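What follows is a single structure, written as structure tokens, with notes after it.
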Amino acid sequence: MHSAVISGTGLYQPPHTITNAELVTAFNQYADLHNQRFAAEIAAGTHTPMQHSSVEFIEKASGIRQRYVLEKTGVLDPLRMYPRFEERGDEQLSLMAEIAVSAAQQAMQQAGKTGADIDMVLCAASNMQRAYPAMAVEIQQALGAGGYGFDMNVACSSATFALEQAVNAVRCGSARCVLIVNPEITSAHLEWRDRDCHFIFGDVCTAIIVERAETATSADRWEVLGTRLATQFSNNIRNNFGFLNRSEDSDPAARDKTFRQEGRKVFKEVVPIAAEHIATHLQQLAHAPADIRRYWLHQANLSMNQLVLKKLVGEATEDRAPLILDEFANTASAGSIIAFHKHRNDLVPGDLGVICSFGAGYSVGSVVVRKQ
Ligand code: CO8
């Protein structure tokens, strides 16, 4: 059995920012246009008018202040409300692969690796831009990597679930050096016309290198002490967009089938599940929650993270569980990895940390690491 370490991470940050004020202005313009269009039905009481969104609500309810997106003009156009991407030919690198390669190159540079060192590529995200060929195989080729690659999706927990696959492959010897990428183009699978969720997500891509401890040369190495995954079915977060849609002949006027949730139920149900999951994992490794120097938690909601932390260690501080969702919003599977990428340099050898995701499924994944 080999010991597995995380030896590099990377972050692709899209070029455009949408502030809450910009988002709310576009949404309210859309709502006004919608209400004008259905004025007769609204007056007759057969159509519910759309209500305005508000910056104050978004910041108070979620802690999100802005988000990065790959394209913003389409999102902010009240006559469109989704991004505008040019279709690429089969001979061109696809958009998801492009942002994945950018994040991967940073992670590989940090770990001191080239494509030739990598023998497994996992593309783990909450949506793939196509069914096949697997994104991971295109990314593998673009980086000149060997071995094999495959895609996996466990929504917000895709990265932590991929970490367990990578760690197990390295430990048992089926791979020597694994690249995980989490390209999250959430802007293209978010219903920007729905007031309940239009503010939640942002685009980003993260990358992680997991390799055998004996091959790691990076000065910044994190021994993986353990991984723990769990799932429990819930209908409270769904994306019903899929290949059966066109055969189902559903109402064309119905709401877009992409992301929707019962946010309040998710909040209440997932906080105890996440806290208990982490506590049990730490107990299995003979550690207490207070032993953990840093928690890099899933980034969906500020209050949610504070509650998880309070349940674990009695108090919530930015130092113990840094927040990145104010700047990035919820980036699905990438959130806890962005936190790990940006907030680990102050830890010293021997310090313990937990990377933890929670989200649709429900799914929870925790990875306990020790700075070498
Ligand atoms: N502006 C003004 N008012 C609003 C707005 C708005 N934008 N939105 C809702 N309101 C109103 C509501 O209508 C409601 O009004 P009323 O009281 O009159 O009914 C009131 O504000 C309160 O609404 P909520 O109860 O919904 O508000 P909450 O305090 O619960 O906050 C949150 C809403 C922020 C969504 C919160 O519930 C939350 O963060 N929950 C946790 C959600 C979570 O963690 N989800 C995980 C989802 S991500 C995931 O798992 C992966 C999915 C894959 C990625 C998909 C990418 C697109």
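Note that the coordinates shown come from a computational prediction; the quantities given were computed from them, not determined experimentally. Counting starts at 1 for both ligands and their atoms, following the listed order. In this chain, residues are counted from 1 in sequence order.
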Discussion item. Just to verify, what does Trp192 make a side-chain hydrogen bond (donor to acceptor under 3.5 Å, both in side chains) with, not counting sequence neighbours?
Written reply: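 Counting only residues at least two positions away or on another chain, Trp192 forms no side-chain hydrogen bond (donor to acceptor under 3.5 Å, both in side chains).
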Worksheet item: Is there any side-chain hydrogen bond (donor to acceptor under 3.5 Å, both in side chains) pair reaching into residues 14-25, and which pairs are they, with sequence neighbours excluded?
Response: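 Every side-chain hydrogen bond (donor to acceptor under 3.5 Å, both in side chains) pair that includes a residue of residues 14-25, provided the two are not neighbours, is Thr19-Glu22, Asn20-Glu59, Asn20-Arg67, Glu22-Lys72.
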Item to complete: Give every residue pair that meets the side-chain hydrogen bond (donor to acceptor under 3.5 Å, both in side chains) criterion with at least one member in residues 178-188, sequence neighbours excluded.
Response: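 Listed once each, the pairs are Ser126-Glu184, Asn182-Thr206, Glu184-Ser333, Thr186-Asp203, Ser187-Asp203.
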Item to complete: Could you pull out every protein residue that has a heavy atom closer than 4.0 Å to ligand 1, ordered by chain and then number?
Response: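 Within 4.0 Å of ligand 1, protein side: Ser53, Ser54, Phe57, Ala61, Ser126, Cys156, Thr186, His189, Arg195, Asp196, His198, Phe199, Phe201, Ile237, Phe259, Gln261, Gly263, Arg264, Val266, Phe267, Ala300, Asn301, Met304, Asn330, Ala332, Gly359, Ala360.
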Worksheet item: Does atom CZ of Arg130 have more than 12 heavy-atom neighbours, drawn from other residues, nucleotides or ligands, at distances under 6.0 Å?
Response: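 Counting neighbours around CZ of Arg130, more than 12 heavy atoms of other residues, nucleotides or ligands fall under 6.0 Å, so yes.
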Worksheet entry | Within 45° cone and under 6.0 Å: Arg344 NZ/CZ vs Phe340 ring |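 Output yes; distance and angle both within limits.
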Practice prompt. Check whether the side chains of Thr215 and Arg176 place a donor and an acceptor atom closer than 3.5 Å, and report yes or no.
Written response: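 Distance-only check fails for Thr215 and Arg176.
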